[in-house]
2 protein chains.
Amino acid sequence: MALEHAILVSLSERPGSGYELTRRFDKSIGFFWRATHQQIYRVLKRMDDAGWVHVEHVAQDGKPDKKVYTVSAEGAAEISRWLAEPAQPTELRDELAIKLRAAHGDPDAVAAEVARHRAQHAERLALYEAMERRDFPDRDALTGPALHQFLVLRGGIGAERGFVAWCDEVLTALRRDAERGETR
Amino acid sequence: MALEHAILVSLSERPGSGYELTRRFDKSIGFFWRATHQQIYRVLKRMDDAGWVHVEHVAQDGKPDKKVYTVSAEGAAEISRWLAEPAQPTELRDELAIKLRAAHGDPDAVAAEVARHRAQHAERLALYEAMERRDFPDRDALTGPALHQFLVLRGGIGAERGFVAWCDEVLTALRRDAERGETR
DNA sequence: CGTTGCAATGCAACTCGTTGCATAGGTACT
DNA sequence: AGTACCTATGCAACGAGTTGCATTGCAACG
């Protein structure tokens with residue numbers, strides 16, 4: 001399972017509570033691996049039992065207590081082990097592709113869906129590109145962790161750009177197909 | 001859930017048994033939505049209970065009996081309903097991206113992983129491009145279902161091409177970063 | 001004649017992930 | 001004073017997906 005490792009990596013960058021991790025998974029890390037607070041709390045507990053993290057109870061004023069998690073030596077060892085272990089290649093899983101295959105059933109509905117997805121991915125792309133400009137203005141100077149974060153973001157930009165381009169290709173082709181059908 | 005709909009779409013193209021569907025999910029449809037025989041058998045049963053498919057027991061000689069599933073009127077209606085219903089945008093989920101973020105722990109191991117993934121995705125890309133040449137030699141003449149299948153394949157080609165390009169970008173950047181570290 | 005492999009279906013147990021709900025104090029708006 | 005939202009954690013139930021195993025019969029290999 002990769003969620004454990006995503007959490008370990010995030011905690012190794014900076015210790016935090018379940019709640020804080022949840023918010024990190026709403027952005028940055030979470031752009032490439034989603035998780036709800038439920039999952040995170042449960043996995044944190046399991047990781048604590050396994051000894052991969054240390055917990056520290058922290059009382060706060062004006063806010064409920066929190067549990068701050070830190071990566072233990074065993075946790076760090078687990079990261080190393082996992083880094084060297086080969087992972088399965090990422091598989092595509094796209095509901096839109098399945099809908100496209102059924103497009104003869106209702107071409108207009110599918111075209112509308114593709115247009116919707118195009119808009120959503122364009123929005124996501126714009127967000128990533130803004131992050132790129134804001135957080136990594138001088139890309140040639142990057143090293144270490146900053147470089148790695150930049151490269152992950154580049155992956156996201158590439159994926160979203162590709163998705164938008166594909167939607168455009170599909171929309172053009174569907175439109176041309178519809179016109180051809182009318183004039184025949 | 002989309003597996004139900006993927007199966008419905010596949011059965012609407014051509015009726016078949018659970019076993020046959022499993023093999024379809026090892027290729028074509030399965031390139032964009034994986035499923036094991038277990039999942040397929042269970043979902044077929046559920047779909048039968050829901051009345052989305054008809055079952056016909058077929059005795060064969062030299063082979064075990066099989067159950068051939070056909071999409072019912074209710075099933076076809078369900079496809080239409082689902083086509084018009086907006087789907088969630090596909091989310092990225094890439095373990096390699098998480099590993100990259102932890103790359104400072106063992107840069108060489110991560111670079112090796114990226115190289116491995118590059119090779120696997122390049123292989124997948126070559127397969128898709130071969131299918132494109134073999135099955136769709138005259139892309140301007142395509143209409144209807146053939147066009148839709150072609151467009152899905154184009155999506156796969158785009159995704160794999162993007163992945164390979166990203167791996168190359170990462171490998172170049174990691175190499176340059178390592179060299180810079182040495183000479184300093 | 002024994003093993004391997006293919007065609008065909010299925011059960012059981014498990015992990016992973018989602019959804020709904022609950023609690024409890026604090027802050028901020030109306 | 002009431003409502004709504006934020007911080008913070010968690011349980012319980014469900015749905016989706018994986019893994020291991022089991023059965024039956026035929027065909028092909030050595």
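Order of the sequence lines fixes the chain letters, A, B, ..., with proteins taken first and strands second; residue numbering starts at 1 for each chain.
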Interatomic distance where CG belongs to A:Leu44 and P belongs to D:dG10 [whole Å]: 9 Å
Integer-rounded Å distance: C:dA8 P and B:Glu56 CD: 14 Å
Atom-pair distance (CH2 on A:Trp33; C1' on C:dG17), nearest Å: 11 Å
Closest-nucleotide ordering on DNA chain C, the 5'-leading residue of B:His37 and B:Arg42: B:His37
B:Leu44 side chain near B:Leu11 side chain, heavy-atom distance below 4.5 Å: yes
Sugar-phosphate, base or nothing in reach of B:Arg34, heavy atoms under 4.0 Å: nothing
Salt bridge A:Glu160-A:Arg124, side-chain N to carboxylate O under 4.0 Å: no
A:Lys63 side-chain N/O to C:dA24 phosphate OP1/OP2 under 4.0 Å: no
Any B:Tyr41 side-chain nitrogen or oxygen under 4.0 Å from OP1 or OP2 of C:dG10: no
D:dT9 OP1/OP2 closer than 4.0 Å to side-chain N/O of A:Lys45: no
Rounded distance (Å) that lies between atom P of C:dC16 and atom CD of B:Glu95: 12 Å
B:Arg101/A:Glu13 ion pair, N-O < 4.0 Å: yes
Pair B:Arg176 + B:Glu179: basic N to acidic O under 4.0 Å: no
Sugar-phosphate, base or nothing in reach of A:Ser17, heavy atoms under 4.0 Å: sugar-phosphate
Crowding at CD, B:Gln60 (>12 non-hydrogen neighbours, <6.0 Å): yes
Interatomic distance, B:Met47 CE vs D:dG15 C1' [rounded to whole Å]: 17 Å
Phosphate contact (C:dA7 OP1 or OP2) by B:Tyr19 side-chain N/O below 4.0 Å: yes
Interatomic distance, B:Leu21 CG vs C:dA7 P [rounded to whole Å]: 15 Å
Complementary nucleotide of D:dG30, counting Watson-Crick and G-U pairs under 3.5 Å: C:dC1
Spacing between B:Phe25 atom CZ and D:dA16 atom P, to the nearest angstrom: 14 Å
Heavy-atom donor-acceptor pair, A:Gln39 side-chain to C:dC16 base, under 3.5 Å: no
Given DNA chain D, 5'-ward residue of the pair A:Lys66 and A:Arg93, judged by closest heavy atom: A:Lys66
Pairwise 5' ranking along DNA chain C for B:Gln60 and A:Pro64, keeping only the more 5' one: B:Gln60
Side-chain-base donor-acceptor pair under 3.5 Å for B:Gln38 and D:dG20: yes
Euclidean distance, atom CD1 of residue A:Ile40 to atom P of D:dG10 [Å, nearest integer]: 13 Å
